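Accompanying notes for the structure given below.
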Amino acid sequence: MNLVVVSNRVSRGKPNEPMTGGLAAALLPIVEKSGAIWVGSSGRVRDGNQKEPFAEIEALGAGALAMLDLPAAHYGGYYEGFANSALWPALHSRADLIRASHEDYLSYREVNAFMARALLRFRKSDSAFWIQDYHFLALGAELRDLGVTEPIGFFLHTPWPARSVIGGVPHHRELIEAMLAYDLIGFQTEEDCENFLSYAQADLGLAVHDGVILSRHGRTRAAVFPIGIDPQQFAQLATKASTHPDVSRLRRSLNGEKLAIGVDRLDYSKGLINRIKAFDRMWTLHPSLARTVSLLQIATPSRGAIEAYGNLQSDVAKLVSDVNGVHGEVDWTPIRYLNKGYGQAVLAGLYRTAQVGVVTPLQDGMNLVAKEYVAAQNPVDPGVLVLSKFAGAANELDTALLVNPHDIDGMARIIAMALSMPLTERRMRWEAMMAKLRGHTIQQWFADFTDALRECQLDRDALAPVIAEPARWPLRSANNNAPRYH
Ligand code: F6P
């Protein structure tokens, strides 16, 4: 199988390159080892009507990376507009933040169509396409329109929300119907998958049986593939990083004080405001913890041109300054706030230095920081993970201290508990989490998805005579009382 992987953001594989999210970090080792070709945005735009999309291609381990310049006229409407001001808030259950014009939607569709045309260049007789994330919901349908018959899979890195929330996205029916051109759609959790199937059945009126949706495109299988990391490789990175100058400086600066760490993109889904309020509350309720623990919060700027992100940046900065003003002393700063990105080679060492990892999103697809924090720990003296029950990772890492990020007092209490947890309990919880990480590695995720994609193709071939005569659309009348088969 000649695998073509597609995502908006890509990574060039430089360990010191700041990472702005989990997807790029996760796909990198897969492309390097599997020999896939990874196609994404170069981050640059190009004017004019490109007949042959401009791509810069470089080797990436056994694979290759192709970075495309996206069309200038549509980039803003696609990325800042429809993808990140309509889909992103909806996917994270923030329907109140949905903002998108019809032009944004058209630009989103244009960029999906542009990407489909660009992919033809990488198509071979035994190709399979694996499309990543919400930037390209309609890419499968565009590829089919261009005559592509090879297997096409899609994986969503974010959550998929309840029907009523996704229904707040302009053109949701058209878009989700287009998604059914995929043979296989992968989700992070059972709940995401259930939400999607329930939309297909109740809103699109389609027949759903055992996770398979029947539509005018044929059969689409929806299934759960929780994304993992390479825990062994990350642990090695963390051991090596202990001599990194930034990590050594951090350790020296602590003077025996404990450290809690948070590492997030500066995004409203990450729950930064609630987390900082929880630390504020903890120092107020337990004044003896002042000077004994500080929080290192790395918040990498992201999507700054979007109003909601600009507002968040100033709100977080103001709150940090207020909390430091109240609890700080002449020689002690409670929150060390860094508004920039770091490469994984440093982050791994920072995680290992911290006695508590705080990963408390309001809503998150998986959250690989949670997994990386666990993998980076010293097995002899591991730190404690405080994890939101609304992160996909909570399904597997259930021996972390699970918190409700909306309950500030509860979080304050649990962070204080994490700081005083005895070594035996810390080890027991950590070992159970490491066992889960070892059982669901990124390599396993890749193998599970690509195997399932191959099976879908076999099913499609077997059913070819049946789906050659497409059923009338929609197959079932849209009806909330329609029987559920899944
Ligand atoms: O969660 C979805 C995702 O694609 C992640 O991989 C990453 O955290 C983030 O979104 C990247 O966002 P952007 O490319 O807009 O910085």
Side-chain angles (χ1 to χ4, degrees), residues 5-12 17-31 38-45 67-68 70 75-94 97 104 108 111 115 130-137 139 154-161 185-189 192 225-229 262-272 298-310 312-313 339-344 347 359 361-372 388 390-393 442 445:
V5 178
V6 184
S7 65
N8 177 68
R9 191 177 282 278
V10 295
S11 163
R12 303 179 85 150
E17 175 184 81
M19 283 284 181
T20 57
L23 181 153
L27 291 180
L28 180 63
I30 283 174
V31 173
W38 185 6
V39 185
S41 159
S42 63
R44 291 182 300 270
V45 293
M67 291 164 289
L68 303 182
L70 296 182
Y75 186 78
Y78 149 76
Y79 179 76
E80 270 112 21
F82 201 77
N84 286 312
S85 297
L87 290 172
W88 179 270
L91 292 167
H92 292 83
S93 298
R94 289 298 306 269
L97 293 178
D104 288 347
Y108 178 87
V111 171
M115 182 56 90
W130 187 6
I131 316 302
Q132 313 286 325
D133 236 355
Y134 62 100
H135 307 87
F136 295 118
L137 297 183
L139 182 47
F154 174 84
F155 184 79
L156 184 70
H157 291 256
T158 70
W160 186 275
I185 301 184
F187 295 94
Q188 301 274 29
T189 69
D192 300 330
F225 301 88
I227 195 168
I229 62 168
V263 177
D264 307 82
R265 262 185 327 101
L266 192 50
D267 191 292
Y268 47 79
S269 64
K270 303 292 180 187
L272 289 164
I298 295 176
T300 313
S302 173
R303 308 173 192 170
I306 301 173
E307 195 187 347
Y309 289 80
L312 179 71
Q313 181 152 12
N339 215 202
K340 55 185 158 184
Y342 284 85
Q344 283 200 309
L347 287 177
V359 182
L362 305 179
Q363 221 31 263
D364 216 330
M366 175 54 67
N367 199 305
L368 293 179
V369 168
K371 295 189 169 182
E372 290 170 355
S388 163
F390 301 120
I442 185 75
W445 175 75

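Just so you know, these numbers come straight off a predicted model, no measurement behind them. Read the numbers this way: they start at 1 and go in the same order the structure lists the ligands and their atoms.
Just one of V5, L156, V6 meets the side chain to side chain contact (heavy atoms under 4.5 Å, CB included) condition when paired with Q132; it is V5.
The distance from the CG atom of N8 to the CG atom of L23 is 9.0 Å, given to the nearest 0.5 Å.
Only the side chain of W88 comes within 4.0 Å of ligand 1, judged by heavy-atom distances. Within the 4.0 Å heavy-atom criterion, the part of R303 lying near ligand 1 is the side chain and not the backbone. Contacts between L23 and ligand 1 below 4.0 angstrom, taking non-hydrogen atoms only, involve backbone and side chain alike.
Atom numbering of ligand 1 starts at 1 in the shown order; those under 4.0 Å from a heavy atom of R9 are 13 (P), 14 (O), 16 (O). Less than 4.0 angstrom separates some heavy atom of D133 from each of these atoms of ligand 1: 2 (C), 3 (C), 4 (O). If you number the atoms of ligand 1 from 1 as listed, the ones under 4.0 Å from a heavy atom of Y79 come out as 13 (P), 14 (O), 15 (O), 16 (O).
Note on ring orientation: taking the six-membered ring where Trp is involved, the planes of F155 and W445 are perpendicular (angle over 60°, cut-offs 30° and 60°). Taking the six-membered ring where tryptophan is involved, the planes of Y75 and Y79 are essentially parallel, since the angle between them stays under 30° and well short of 60°. Ring geometry, F187 versus W160: the interplanar angle exceeds 60°, so the pair is classed perpendicular (tilted spans 30 to 60°).
The pair R9-D133 fails the salt-bridge criterion, with no side-chain N (NZ, NE, NH1 or NH2) lying under 4.0 Å from an Asp/Glu carboxylate O.
In this structure, G365 does not count as a contact residue of ligand 1, since none of its heavy atoms falls inside 4.0 Å of the ligand.
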